[in-house]
Amino acid sequence: MASSTAHTGFRTSVGRMVDRALALLDLPDGTGDALKRCDSVIQVSFPVRLDGRIEVFTGWRAVHSTHRLPVKGGLRYSPDMGQDHAEALAALMTYKCAVVDVPFGGSKGGLRIDPRRYNEPHLERITRRFARELIRRGYISPAENVPAPDMGTSQREMGWILESYRDLHPEDINHIACVTGKPVELGGIPGRLEATGRGVKYAIDAFFNEPDAVREAGLEGPLSDQRVILQGLGNVGYHLGHLLQQKDGPRIIAVIERDGALFDEKGLDIEAVHAYMLRTGGVEGFPGVQYERNGAQLLEAECDVLIPAALEGVIHEENAGRIQARLVVEAANGPCTWEADRILGARGITILPDVFVNAGGVVVSYFEWLRNIAHVRMGRLQRRHEATRGQHIVSAIEMMTNQTTPDWLRDSLTRGTKEIDLVRSALDDTMRLAFQEIRETREVESNGTPLDYRTAAYLIALRKVLRARMDLA
Ligand code: GLU
């Protein structure tokens with residue numbers, strides 16, 4: 001999967017998209033520049049001894065905006081990592097948090113490394129050393145800068161970072177909140193692993209629950225009538241695909257992965273493809289469906305909804321003119337370059353932007369951080385009380401009506417809410433509200449022709465950031 005952000009640079013591409021929203025705000029000269037720039041970026045290089053040899057690694061952590069603290073965003077392990085990526089992705093985090101009302105600034109970082117080339121003990125040593133470099137310089141802390149998993153990292157790395165932080169700051173009563181997306185046994189929250197994919201599903205649901213939105217995009221019918229192409233079956237793509245295949249889901253006609261794409265007009269079984277990938281490392285050879293070695297070609301295939309859920313820059317100047325989907329749902333960060341965004345827009349293709357669509361991860365990270373600094377499980381204080389109240393309501397109704405409550409209703413009223421239920425419903429609510437706000441903003445600001453969803457989302461984000469920045473008021 002080739003990325004094409006190299007042409008403009010990822011940071012420039014994001015900046016140009018922000019410019020479109022800035023042009024709609026009447027701001028003093030220089031404000032836009034102040035909003036777009038990263039507050040600080042650190043680059044660290046450090047040696048690690050691996051099986052008798054020494055290897056030097058380079059990593060970055062960019063802080064885009066500290067209008068709210070802590071700043072938040074993932075740590076990515078990728079051979080493409082560099083300062084430009086860190087800055088672009090940190091800026092996206094600021095806007096993303098603002099769009100979904102998460103009171104954090106934006107940050108992002110990572111290592112230039114291909115994690116698949118290292119074994120677990122090596123990755124542990126590299127991660128612990130990287131974490132120490134960042135912690136010593138104040139680039140990881142519960143109050144100021146809180147990483148999370150991103151491409152190439154997972155719960156496991158967050159666990160190592162947490163331990164490194166605790167070793168260096170044993171006195172910090174909130175040490176557990178220095179990273180999110182950690183294993184549940186180490187203070188993580190149930191539902192964080194699936195959160196980004198689930199958030200994308202809620203974003204899609206919010207869109208399809210709005211008949212006007214569907215019509216404006218040139219689509220017809222409910223989500224179950226749509227034909228979907230999904231790029232990437234990593235953490236985000238897999239959980240999304242899994243949820244899309246539950247009751248009343250659309251047909252996923254193609255899956256694009258690193259080693260090629262699978263196509264089946266009748267619809268692919270995502271669970272089976274994912275299990276096959278885990279077993280063989282790729283999709284090639286998956287039985288009974290069409291295989292295409294040049295996976296990127298499938299981005300251009302005929303479908304209703306295209307969901308890039310992998311890398312940045314996969315829809316670019318060269319292929320944007322051939323995309324046939326009516327709706328592009330940006331589950332990845334920055335999958336459309338600025339040029340592609342303009343080409344798709346001119347062709348009347350609707351884009352649901354990354355800063356809204358994939359915000360579910362950081363939304364649930366926020367819940368995890370709250371749980372950590374509160375030192376209590378979500379719902380612990382009211383769970384039993386709610387269950388008892390539910391029991392009283394059931395008894396009262398039964399007494400008044402002389403009828404028995406069906407078992408399913410009794411269960412649901414008397415069970416007491418589980419933490420995972422709270423997380424999922426709060427995520428659903430957040431995505432719905434954010435979508436409504438974006439819809440309203442694009443109508444209000446449009447003078448007749450509605451704004452595109454991305455510009456509306458940026459407009460919301462910029463206003464919120466401006467309200468919180470006294471130095472720019
Ligand atoms: N890496 C995720 C993102 O890009 C999550 C960030 C977080 O939870 O802090 O949104």
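Each ligand, and each atom within it, is numbered from 1 in the order the structure gives. We're numbering straight along the sequence, starting at 1.
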With heavy-atom distances below 4.0 Å as the criterion, list the atoms of ligand 1 near [X].
X      : result
Lys96  : 3 (C), 4 (O), 10 (O)
Lys108 : 1 (N), 3 (C), 4 (O)
Gly361 : 8 (O)
Met93  : 3 (C), 4 (O), 6 (C), 10 (O)
Asp150 : 1 (N), 2 (C), 4 (O)
Asn333 : 4 (O)

Quiz item: Which of these passes side chain to side chain contact (heavy atoms under 4.5 Å, CB included) with Ile307: Ile229, Ile204, Ile256?
Solution: Ile204
Quiz item: What do the steps show when you test Phe104 against Tyr366 for ring-ring contact (aromatic ring centres under 6.0 Å, His included), and what is the final call?
Solution: CA-CA 8 Å; Phe104 292 149; Tyr366 172 44; 5.5 Å; yes
Quiz item: Taking the inter-plane angle between the rings of His274 and Tyr238 on a 0 to 90° scale, is it parallel (under 30°), tilted (30 to 60°) or perpendicular (over 60°)?
Solution: parallel
Could you tell me whether [X] and [Y] have a side-chain N and a carboxylate O separated by less than 4.0 Å?
X      : Y      : result
Glu87  : Arg11  : yes
Arg166 : Glu171 : no
Arg16  : Asp341 : no

Quiz item: Does a sphere of radius 6.0 Å around CZ in Arg469 hold more than 12 heavy atoms from other residues, nucleotides or ligands, not counting ones at 6.0 Å or beyond?
Solution: yes
Give me the residue, atom name and distance of the protein heavy atom closest to [atom].
atom                   : answer
atom 9 (O) of ligand 1 : Lys72 NZ, 2.8 Å
atom 8 (O) of ligand 1 : Ser365 OG, 2.6 Å
atom 5 (C) of ligand 1 : Arg192 NH2, 3.5 Å
atom 7 (C) of ligand 1 : Ala148 CB, 3.3 Å

Quiz item: Between Leu75 and Pro149, is any pair of side-chain heavy atoms under 4.5 Å apart?
Solution: no
Quiz item: Is Gly181 near ligand 1, meaning one of its heavy atoms is under 4.0 Å from it?
Solution: no
Quiz item: Is the closest N or O pair between Pro149 and ligand 1 shorter than 3.5 Å?
Solution: yes
